[in-house]
Amino acid sequence: MSGKKKKVVLSGLRPTGPCHLGHLAGALRNWLKFQEEHTCFYSIVTWHALSSEYQNSKIIKNFIFEVGADWLSIGLDPQKSVIFNQAEVKEHAELHLLLSMIIPLPWLQRVPTLKEMQREIPDKDLNTYGFLGYPVLQTADILMYKANAVPVGEDQAYHLELAREITRRFNRLYGNVFPEPQTILTEVPKLAGTDGRKMSKSLGNSIFLKDPPEVIRQKISPMVTDTRRKRKTDSGEPKDCPVFTFHKAFVDKTKREELAQGCRTAGIGCLECKEVVINRLIELLAPFREKRSKYEKNPQLVWDILEEGNKKARRVAQQTMEEVRAAIGL
Ligand code: TRP
Ligand code: SF4
């Protein structure tokens, strides 16, 4: 995304929990950068949350607040970016419906995340019409603002490919209304969770941005490292260590390489190596927690900022929907 031309950037996050380190490394850092250079829309995608939490719908509202508070505290700036709640911009539902008319069913049935999620979360019945349409709603989010660039984590790559396919089909049928959205991936590798699997809210293995120092320490200290390092005298390989994914994302290169070397030569112990990343995270998140306490004391601040964003988003969305209806001939 270099070059002088301003792009429209859109991304979203489901309010199913507070933001964790994986969000920070995989997406939020990029979002912050883009808001300095581009026209950005960042959406709390409430209806996407409902597609998996419909049996548990009452939890969502508080998580809208939590995610909003996280975003504002990390530095997303309502003066620079449009920060809004998807469910408050009803145009998204209309575009979702209109897109659903033109999408062949097999395009959705072959989406790998559909089966993955159904497998990973067996306690939820995700065999629903709404869940099948998840990528359609995501496409509506993107097209609504004619976004050219969508910064997301790797796990969203397929959804974005599908979004481009849907865009081409719409444009072929009704005229060239939408630009094809490009996927922007970060170089940061997947962050491990505290159990060594991928960090994910649904797996309960996350370190949250709002976790206080003692919780960060409690979560990282007992983490399994490279299993070859049974004793301090056994050498290890950082590539095979879940904890080292944190080093990669948050510890500067010189220090990190020194630790990697120490690991390979059994020159340092895992406790010492963990201590570096624990302290780094505590230091990194301290100013964030400080800012966040303001919103915790006065949640209405977050709701008001979101409402301002909803208004701005609505204005663009209404304009787009007029074009869409005209293109279709409605
Ligand atoms: N599906 C995305 C996720 O789970 C969230 C999302 C919804 C999104 N709409 C979007 C991401 C539009 C980018 C653009 O992370
Ligand atoms: Fe992981 Fe560090 Fe232990 Fe190596 S020394 S196994 S990188 S925690």
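Remember, it's a predicted structure, so these values are computed and weren't measured experimentally.
Below 30°, between 30° and 60°, or above 60°: for Trp71 and Trp31 the angle between ring planes is above 60°, a perpendicular geometry. Using the six-membered ring where Trp is involved, Phe208 and His20 have ring planes that are tilted, between 30° and 60° apart.
Within the structure, the salt bridge (charged side-chain N to carboxylate O under 4.0 Å, His left out) test picks out the following pairs touching residues 159-168 (sequence neighbours left out): Arg110-Glu165, Arg168-Glu180. For residues 40-68, the set of pairs meeting the salt bridge (charged side-chain N to carboxylate O under 4.0 Å, His left out) definition, not counting sequence neighbours, comprises Glu53-Lys124, Glu66-Lys210, Glu66-Arg292.
There is no side-chain donor-acceptor pair under 3.5 Å between Asn205 and Thr194. Between the side chains of Arg315 and Asn310, no donor N or O sits under 3.5 Å from an acceptor N or O. Checking Asn171 against Asn176 by side-chain atom types alone, a donor-acceptor pair falls below 3.5 Å. In summary, the side chains of Lys201 and Ser206 do not present any donor paired with an acceptor at a separation below 3.5 Å, with no hydrogens or angles considered. Side chain to side chain, Gln86 and Asp141 meet the donor-acceptor criterion of an N or O pair below 3.5 Å.
Of the possible polar contacts, none joining the Asp70 side chain to the Pro18 backbone as a donor-acceptor pair under 3.5 Å is found. Side-chain N or O atoms of His92 include none that pairs as donor or acceptor with a backbone N or O of Ala140 at under 3.5 Å. Between the side chain of Asp304 and the main chain of Leu301, no donor-acceptor pair closer than 3.5 Å is present. Here the side chain of Lys274 pairs no donor or acceptor atom with the backbone of Arg217 at under 3.5 angstrom.
Residues Glu37 and Lys6 are not in side-chain contact: their nearest non-hydrogen atoms beyond the backbone lie 4.5 Å or more apart. Side-chain contact between Ser52 and Leu126 is present, with heavy atoms from C-beta onward closer than 4.5 Å. Looking at heavy atoms from C-beta onward, Val150 lies out of side-chain contact with Thr183 at the 4.5 angstrom threshold.
The pair Arg280-Asp252 fails the salt-bridge criterion, with no side-chain N (NZ, NE, NH1 or NH2) lying under 4.0 Å from an Asp/Glu carboxylate O. Contact check on Glu308 versus Lys311 returns a salt bridge, with a Lys/Arg side-chain nitrogen under 4.0 Å from an Asp/Glu carboxylate oxygen.
Remark: aromatic rings of Phe250 and Phe246 are distant, center separation not under 6.0 Å. The aromatic ring centres of Tyr145 and Phe178 sit 6.0 Å or more apart.
For the pair Arg14 and Trp47, the NZ or CZ position fails the cation-pi test of under 6.0 Å to the six-membered ring centre and within 45 degrees of the ring normal.
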